[in-house]
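Right, one structure below, let's go through it.
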Amino acid sequence: MRTLFDSDDGVFDVVLTNPPFAKPYERKKTADQRILNNYTMALERPDTKKFRSSLLFFERYHDLLRPGGRLVSVIDDGILSGRDYRWFRDVLRQKYLIRAVISLPGDAFQRSRARVKTSFLVLEKREHPGEDQPAVFMYGCRYVGNDDPSRERTLPNDRIIQENARAEIREVIEEFTRFQAGEGDVRYVVPPDRVTERLDVKHCLMTTGHMSATWEEHGVRVLPLEEIVTPKDFPAEDVIDAQNSDEPVTYLIVRYDGRATAGEEIEPSNTQHSRLYRVRTDDIVISNIAASYGSIAVVPPELDGHVIGSEYTVLQAQAGFDPAVVWSVLRSDEVRADMLLVATGANRTRIRWDGIKDVLVPYPEADAVQRLAAQLNEADAAERRAAAAREQAANELQDALLLNQDYSRYILDAFKPPR
């Protein structure tokens, strides 16, 4: 195969492909080593122990294309953004001109059970090594792929999503056609100096703080997050050496709806944690991997002393800022979107304090804070009263109908399935 296309001339004008992502080739395997010896990128990186097949395919596509030929391929966003693949992006820029990157939703390949965030990459084989990289067309799709769910039954909303997906496809084609004609909408055009490191749409096209000027125009105070909250410095008594502690503790669960609830009771030494941390009333707890879904909560008094692991970031409101109001601001669409933009990773986005501390957020003036805080606190109190009333009613019903018998609890304990 290599000898058939062992020149820079190639034979094809266009290559359309969806390469396999998962297959690795390892130097320690003799058969794999023979394959790797046929790829320049592998020969030039002798210390790299394994190569993903999808990377090798891009070299083969280059062999197949004529100079000026187009490659359209699906690619894992982790390759477009991850630090470990900087070298590969350099190879792409050396061999190709980047023409377009079209981001697909995370569930675009749900029917094939592929949980990988991907994009379409449009490349052009360089005719001359010295060609300057031009501006790049980039677009982030919301509906393509989501219109083909893996479930069998049809839901009423499916038709709307399908219509949205078809409209989105038309818009991408129309906008890319305009871009190629030199009439591209600036919302989808990325200058060449923005694609010198990463190539993912989230990083290159989207920007944080796009609402800050508008907020200021409306007289709203705008501050970086680090001036409103600070990472909690846990006192020694609230840090549990998990592998050497058998004292029962209860997990804190932070739900997508912004509520904190009690999880299961555990013995720390029976977990995989090295440390657990006791959170206290008014701590703001953020799930590192689910912040963009709204998994942000203020610890209520009844959950004081519950524990979390290192998968959470815990913040405390600075003096003069109310935790409940901060919570409401953080869970807004605008702030969650900015946190998603600065999150690391493509397939499992993860926030870090160093990444989110500079996110610009609005904060109300003192009179509005007092009123909003009172409303939020009253809502929390009403929820607690409702939960207590519901539990009391259920207990009275169960007592009246003799539904709390030791024999039943014995069955539930003795024969419950494994977790």
Side-chain angles (χ1 to χ4, degrees), residues 58 70-83 85-86 88-90 92-93 96-109 116-124 132-146 164-165 167-215 291-293 332-352 355-356 358-360:
F58 278 86
R70 287 284 178 101
L71 165 62
V72 182
S73 179
V74 179
I75 190 169
D76 180 346
D77 273 19
I79 294 174
L80 297 179
S81 62
R83 294 180 181 179
Y85 297 102
R86 284 178 178 172
F88 176 73
R89 296 193 292 275
D90 289 340
L92 286 185
R93 284 186 284 261
Y96 299 96
L97 298 175
I98 316 299
R99 292 297 186 182
V101 186
I102 301 165
S103 172
L104 298 175
D107 289 327
F109 292 98
V116 181
K117 175 70 180 69
T118 59
S119 293
F120 279 117
L121 187 59
V122 182
L123 305 175
E124 181 180 307
D132 290 333
Q133 169 65 50
V136 181
F137 175 82
M138 290 195 175
Y139 190 104
C141 292
R142 302 171 65 185
Y143 303 107
V144 175
N146 289 339
N164 289 339
E168 189 170 60
I169 291 170
R170 287 194 298 270
E171 181 175 29
V172 172
I173 294 172
E174 291 168 2
E175 292 294 344
F176 185 52
T177 301
R178 292 178 58 202
F179 168 80
Q180 290 179 300
E183 302 171 354
D185 188 324
V186 293
R187 292 179 299 168
Y188 309 119
V189 178
V190 175
D193 61 0
R194 288 279 291 173
V195 295
T196 56
E197 185 176 345
R198 288 171 54 169
L199 293 174
D200 57 306
V201 173
K202 186 180 83 167
H203 174 79
C204 298
L205 181 64
M206 317 308 291
T207 57
T208 61
H210 72 283
M211 281 294 295
S212 57
T214 302
W215 291 329
S292 63
Y293 291 106
S332 68
D333 289 350
E334 297 296 337
V335 177
R336 286 191 295 115
D338 275 357
M339 287 196 288
L340 178 59
L341 289 180
V342 299
T344 60
N347 300 316
R348 289 191 73 192
T349 55
R350 181 177 297 277
I351 64 109
R352 292 184 172 86
I356 66 172
D358 295 322
V359 168
L360 296 175

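- Counting heavy atoms of neighbouring residues, nucleotides and ligands inside a 6.0 Å radius, atom CE of Met211 exceeds 12 of them.
- Between the side chain of Gln133 and the main chain of Arg93, no donor-acceptor pair closer than 3.5 Å is present.
- In this structure, Phe58 has its ring center closer than 6.0 angstrom to the ring center of Phe88.
- A side chain to side chain contact (heavy atoms under 4.5 Å, CB included) with Leu123 is found for one member of Leu92, Leu97, Val72, Ile75 and no other, namely Leu92.
- For CZ of Phe176, the number of neighbouring non-hydrogen atoms (other residues, nucleotides, ligands) closer than 6.0 Å is greater than 12.
- Residues Val101 and Val122 are not in side-chain contact: their nearest non-hydrogen atoms beyond the backbone lie 4.5 Å or more apart.
- Side chain to side chain, Ser119 and Asp77 meet the donor-acceptor criterion of an N or O pair below 3.5 Å.
- Qualifying side-chain contact (heavy atoms from CB on, under 4.5 Å) partners for Glu175, counting only residues two or more places apart in sequence or in other chains: Phe137, Glu171, Arg178, Asp185, Tyr188.
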Derivation of the side chain to side chain donor-acceptor pair (under 3.5 Å) call for Ser103 and Lys117: CA-CA 8 Å; Ser103 172; Lys117 175 70 180 69; 2.6 Å; yes
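- Listed by chain and residue number, Glu197 satisfy the salt bridge (Lys or Arg N to Asp or Glu O under 4.0 Å) test with Arg86 (two or more places apart in sequence, or in another chain).
- With Lys202 contributing its side chain and Leu340 its backbone, the two residues share a donor-acceptor pair below 3.5 Å.
- With sequence neighbours left out, Asp200 forms a salt bridge (Lys or Arg N to Asp or Glu O under 4.0 Å) with Arg198.
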